[in-house]
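A short write-up of the structure that comes next.
As the structure lists them, so they are numbered: ligands from 1, and atoms in each ligand from 1.
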Amino acid sequence: KSNYEHCDQLVQDFEKVVEKPIKSKTSVYYTGVDLGTACVVLSVLDENYKPVAGAYRYADVVRDGMVVDYIGAIKIVKELKEQLEEKLDTELIYAAAAIPPGTDALDSGAVKNVVMGAGFELTNVLDEPTAANKVLNIENGAVVDIGGGTTGITILKNGEVIHVADDSTGGTHFSLVVSGSYKMSFQEAEVYKRKSENHKELLPVLRPVVEKIASIINEHVKDFDVNEIYLVGGTCRLTGIEQIIEKKTGITTHKPQNPMFVTPLGIALSC
Ligand code: ATP
């Protein structure tokens, strides 16, 4: 199987267990904790690295990659952990977490304390693009992670990260545009934007923000030999975003079936 088929399979399996967890006869569970600007995701794998459970909650505990509501973050991770433990009928002990590239010195302590404060034994903290690449397995190209608050661009050459950048444009801006255009509250716009049946109608409204992201990508890849872009992050679930990015950058652009779960799964794989 190609790497991408492997990625899609893993994500599909994960989506199924988010709906219906599998009680596995495993000796150990590995949990990935992804503390995002828009969403906190927990992914659980068994000893064979097969997804067995997952849970997520939209939350406002992180901004621009920094934990801004420490107590709130611990509470959410703890609640999601307990919810999964009840479904799996076990205690989840080990967890890994991820931080945006370049925030190690600033914030990795807070992320570590959130995961441990929620009752996990922390086994690893890695940066988000490295986590995503555990699932994507790319040797060369750019991983573009369009999340809630930011767009992260990571360039890989021969499997090594050679450039990272983070820009504060993400899904929140998409929701603000929808809110303004449709005279909805931000919350209503968030919900409206996430419904795939609205994507066809929304794409022309959101095109300028997508094009802005494409120009940010262009700015960062121009000094490197990038032939392929790999999209991850919840905002890339927007139907058609990949075509606009491909057209504006002139670079072949790939998108897995559910780009939102790539990083959380990579974190659990690194546990
Ligand atoms: P960041 O990476 O900036 O810290 P995050 O990790 O919370 O943020 P993700 O979980 O990757 O980000 O993505 C969350 C974003 O994805 C939100 O802005 C959300 O509105 C958007 N999103 C989620 N599902 C969809 C969907 N089906 N269609 C469009 N956007 C979506």
Residue, atom name and distance, where the atom is the protein heavy atom closest to atom 15 (C) of ligand 1: Thr235 OG1, 3.7 Å

Within reach of ligand 1, part of Lys195 (heavy-atom separation under 4.0 Å): neither

Per-atom contacts, ligand 1 versus Cys39 - under 4.0 Å to a heavy atom: 7 (O), 10 (O)

Within-cut-off N or O pair, Gly149 and ligand 1, under 3.5 Å: yes

For atom 6 (O) of ligand 1, the protein heavy atom that lies nearest, with its residue and separation: Gly36 CA, 3.3 Å

Neighbour count above 12 (heavy atom, 6.0 Å) for Lys81 NZ: yes

Aromatic ring pairing His163/Phe224, orientation class (parallel under 30°, perpendicular over 60°, tilted between): tilted

For Gly233, atoms of ligand 1 separated by under 4.0 Å from a heavy atom: 11 (O)

Side chains of Glu201 and Tyr192, donor plus acceptor under 3.5 Å: yes

Side chain, backbone, both or neither: Lys193 near ligand 1, heavy atoms under 4.0 Å: both

Ser179 side chain vs Met184 backbone, donor-acceptor pair below 3.5 Å: yes

Closest approach of any protein heavy atom to atom 23 (C) of ligand 1, naming residue and atom: Tyr58 OH, 3.2 Å

Heavy atom of Val62, distance to ligand 1 below 4.0 Å: no

Closest protein heavy atom to atom 2 (O) of ligand 1, given as residue, atom name and distance to 0.1 Å: Gly147 CA, 3.6 Å

Under 4.0 Å to a heavy atom of Gly171 - the qualifying atoms of ligand 1, by number: 18 (O)

Reference residue Val226; test side-chain contact (heavy atoms from CB on, under 4.5 Å); the match among Leu156, Thr249, Ile251: Ile251

Within-shell test, His199 vs ligand 1, heavy atom, strictly < 4.0 Å: yes

Test ring-ring contact (aromatic ring centres under 6.0 Å, His included) applied to Tyr30 and Tyr49, step by step: CA-CA 8 Å; Tyr30 302 115; Tyr49 298 103; 5.1 Å; yes

Glu197 CD: over 12 foreign heavy atoms closer than 6.0 Å: yes

Non-hydrogen atoms of Val52 and Leu45 that approach each other most closely: CG2-C, 4.1 Å

Geometric cation-pi criterion, Arg194 with Phe174: 6.0 Å, 45°: no

N/O separation below 3.5 Å, Glu190 to ligand 1: yes

Heavy atoms of other groups near Tyr182 OH, more than 12 under 6.0 Å: yes

Shortest protein contact, atom 31 (C) of ligand 1 (heavy atom only): Gly234 O, 3.3 Å

Any N/O pair Glu128/ligand 1 closer than 3.5 Å: no

Distance in Å, Cys7 SG paired with Gln12 CD, rounded so as to fall on 0.5 Å steps: 10.0 Å

Atom 8 (O) of ligand 1: nearest protein contact (heavy atom, Å): Gly148 N, 2.9 Å

Residue and atom name of the nearest protein heavy atom (relative to atom 17 (C) of ligand 1), distance in Å to one decimal: Ala38 CB, 3.7 Å

Residue and atom name of the nearest protein heavy atom (relative to atom 1 (P) of ligand 1), distance in Å to one decimal: Thr37 OG1, 3.3 Å

